[in-house]
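These notes are about the structure you will find just below.
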Amino acid sequence: MWLFNSSVGKKLVMSITGLALILFLTFHMSMNCVALFSAEGYRFICEFLGANWYAIVGTIGLALLMVIHFVYALWLTLTNQKARGNQRYAVTARPKGVEFASRNMFVLGLIVVLGLTLHLFNFWAKMQLVELGGGVPGDGVDLIRFTFSKWYFVLLYLVWLGALWFHLTHGFWSAIQTIGWSNTKWFVRWKWIGYICVTLLILGFVGVLVSYFCYETFHWTFLSSLFGGLAQ
Amino acid sequence: MDKNISFTLRVWRQRGPKEKGEFKQYYMEDIPGDTSFLEMLDILNEKLINRNEEPIVFDHDCREGICGMCSLYINGHPHGPATGATTCQIYMRRFQDGDTITVEPWRSAGFPVIRDLMVDRRAFDKIMAAGGYVSVNTGGVPDANAIPIPKKAADEAMDAAACIGCGACVAACKNGSAMLFVSAKVSQLALLPQGKVEAKRRVKAMLAKMDELGFGACTNTRACEAECPKCVSISNIARLNRQFIGAKLSD
Ligand code: HEM
Ligand code: SF4
Ligand code: FES
């Protein structure tokens, strides 16, 4: 089967799973931003998803995507290292046009997995998991307030999101190139579209984080009045 | 006239594919700037031979940038510091007096070292033999204008056909992937009516051969196109991916 034994097939699996994960992140970010405007609205979303069947199906689907993406990443990275050979160059230079991210996709991905683990522990384990076990899930807004009142969590989340930004600015156009929807003209366009969309995506996450941190730590009402709904 | 320079060469010496290699230093004195890099190595080899030492083995043939034989990895760049030029097109005026210049062979599992700076690139021939051709029935020579080809397609095919099969793309790639080479060879035919007939079979066969020979999978780092002496674009890789996926889906 070509998705297992050809290099382009394997890359296609990386590409499709990666793009699906980006799509998920877009939804996730949109829902997070509700917490900036209305705590009630955010609570409603938490309740709507909760441990209902569709949320469970979604979670399993996401876990599958993550596992496939990770396993293929490991597989490709190892075989690529083998193809490179044991002898390394004594002198190396990064040629012009080669992005930092493109050379470090696996390491960036590892940081993303570590961040994800922390995130699941901070939120998922206290919400959906509790509900699945028959308990009463934690309140989404309270969890945000608690987590982002701690500077070390904020710092770790920022590192995580930074790594994700690098991973996705390369990942986006790379995924499209892998599918083959690119040429000299579209390469430049996809790259721009990728940089803009991914930056907005990450800023969405960072916005919630920083607003809540400032609110909890410095009691800044500036941001909360700006958005109108913080932590009510 | 370019001025003369003196510099230290660090050259990879390795007696055979299985032997352990190491760097050897050579001091080069008063080399005119208009000496080509390969001529400079010729000067060194002559000295080595006169001293009864083994000359440095390196590949070369046309010395004018068209055959793709020369293949030196100079100061961290395949084909040295210039863009859009082969090793044989590099002149010593690019270097400074007192420099240390490190010369290594292409390093990739697909290209084992034969000796010193010469590597075995027969893998590329095997990929070509797997499908990099058009099967034609012999007969009379057709009229040149019998098959109209759009200018854009002809230009793109020519740009892909500029590939000289030197392997710098593999040497530059952190994944040891030969995708730029394979994509150029697939594209130069796939864009033309004569090549379209066998396009599906060709792309599958050439990619399968590349994978079989142990080259890596492309992660789109773009080191290949930056180092390619013929500036072959990664848009060819997108075409290869597109055609391969299309061919597999239509199976
Ligand atoms: C939210 C999580 C993630 C998203 C949205 C994501 C997205 C992407 C995308 C879009 C690509 C480009 C696919 C392509 O080049 O064809 C990609 C590639 C890659 N990802 Fe991820 N990824 C995520 C997590 C991870 C994780 C956890 C790892 C594991 C360490 C990882 C490792 C890689 C590697 C090694 C590549 C290959 C780079 C390449 O081939 O160009 N990613 N990812
Ligand atoms: S694509 Fe460029 S670097 Fe690769 S073999 Fe052809 S000419 Fe050499
Ligand atoms: S010797 Fe022919 S291209 Fe350099």
Side-chain angles (χ1 to χ4, degrees), chain A residues 1-3 5-16 72-73 75-106 170-188 190-191, chain B residues 10 12 14 21 23 73-78 81 83 102 104-105 107-113 156 170-179 203-204 207-208 210-211 214-227 233-246 248 251:
Chain A
M1 174 57 178
W2 63 286
L3 293 177
N5 58 20
S6 77
S7 55
V8 174
K10 282 186 250 177
K11 280 299 318 266
L12 185 66
V13 172
M14 284 303 295
S15 158
I16 303 290
Y72 268 73
W75 188 10
L76 278 167
T77 306
L78 288 178
T79 46
N80 282 351
Q81 254 171 19
K82 192 162 152 250
R84 192 75 194 79
N86 301 324
Q87 271 294 347
R88 297 290 143 153
Y89 290 113
V91 181
T92 47
R94 175 143 66 104
K96 233 176 67 198
V98 175
E99 294 162 321
F100 157 82
S102 74
R103 302 188 71 100
N104 298 286
M105 287 298 272
F106 189 74
H170 174 70
F172 182 77
W173 75 260
S174 173
I176 301 215
Q177 165 90 4
T178 300
I179 299 173
W181 290 333
S182 190
N183 54 32
T184 338
K185 244 190 220 145
W186 274 94
F187 166 68
V188 184
W190 285 127
K191 223 171 149 174
Chain B
R10 260 176 91 214
W12 184 258
Q14 182 173 342
F23 281 105
Y73 195 92
I74 305 164
N75 283 348
H77 294 282
T83 45
T102 306
E104 304 174 66
R107 293 193 197 280
S108 212
F111 290 160
V113 171
E156 276 186 75
V170 177
C173 179
K174 80 172 181 60
N175 309 311
S177 176
M179 284 290 270
V203 71
K204 283 187 288 186
L207 194 89
M210 177 191 113
D211 290 343
F215 290 102
C218 174
T219 65
N220 304 317
T221 61
R222 299 176 67 212
C224 55
E225 75 172 356
E227 300 289 11
S233 156
I234 59 158
S235 64
N236 290 299
I237 298 182
R239 182 179 296 106
L240 168 68
N241 291 339
R242 189 160 68 235
Q243 296 211 337
F244 180 80
I245 294 167
K248 283 293 183 187
D251 268 355

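The contact between B:I234 and chain A is made by backbone and side chain atoms together, counting heavy-atom distances below 4.5 Å. For A:Y89, the parts lying under 4.5 angstrom from a heavy atom of chain B are both the backbone and the side chain. Heavy atoms closer than 4.5 Å to chain B are found in the backbone of A:K82, but not in its side chain. No part of B:F111 comes within reach of chain A, as not one of its non-hydrogen atoms sits under 4.5 angstrom from that chain. For chain A, the nearby part of B:F244 is the side chain; its heavy atoms alone come within less than 4.5 Å. Of the atoms belonging to A:W173, it is side-chain heavy atoms, and not backbone ones, that fall under 4.5 Å from chain B. Using a 4.5 Å cut-off between heavy atoms, A:N86 does not touch chain B at all. Within the 4.5 angstrom heavy-atom criterion, atoms from both the backbone and the side chain of B:I237 approach chain A.
No other option in A:A101, A:A90, A:G85, A:G9 has as many heavy-atom pairs under 4.5 Å with chain B as A:A90. The choice from B:T83, B:V113, B:T102, B:L207 that makes the most heavy-atom pairs within less than 4.5 Å of chain A is B:L207. Each of B:S235, B:A223, B:A217 has some count of heavy-atom pairs under 4.5 Å with chain A, and the biggest count is that of B:A217. Among B:G246, B:G176, B:A109, the residue making the largest number of heavy-atom pairs under 4.5 Å with chain A is B:A109. Of the listed residues A:K185, A:H170, A:M14, A:R94, the one with more heavy-atom pairs under 4.5 angstrom with chain B than any other is A:H170. Per-residue heavy-atom pair counts under 4.5 Å with chain A were compared for B:S108, B:P112, B:A172, and the maximum is reached by B:S108.
Using a 4.5 Å cut-off on side-chain heavy atoms (C-beta onward), A:W2 and B:I245 make contact. The shortest distance between side-chain heavy atoms of A:T184 and B:E156 does not fall below 4.5 Å.
Note that OG1 of A:T77 and CG of B:N175 are 8.0 Å apart. Values are rounded to the nearest 0.5 Å. If you take CZ on B:R242 and OG1 on A:T178, they are separated by 13.0 Å, rounding to the nearest 0.5 Å. Summarising the geometry, atom NZ belonging to B:K248 is positioned 9.5 Å from atom CG belonging to A:L3; distances are rounded to the nearest 0.5 Å.
Minimum heavy-atom separation, A:K11 to B:N220: NZ-ND2, 3.9 Å. Listed here is the closest heavy atom pair of B:A238 and A:Q177: N-NE2, 3.4 Å. Of all the heavy atoms in B:R107 and A:R88, the pair that sits closest is NE-O, 3.3 Å. Closest heavy-atom contact between B:Y73 and A:V91: CE2-O, 3.4 Å.
With A:P95 as the partner, the side-chain contact (heavy atoms from CB on, under 4.5 Å) test is satisfied by one option alone out of B:E225, B:E227, B:R222: B:E227.
Counted by atom type alone, B:D211 and A:S6 present zero donor-acceptor pairs between their side chains at under 3.5 Å.
Using modelled atom types, no side-chain atom of A:N80 and backbone atom of B:G216 make a donor-acceptor pair closer than 3.5 Å.
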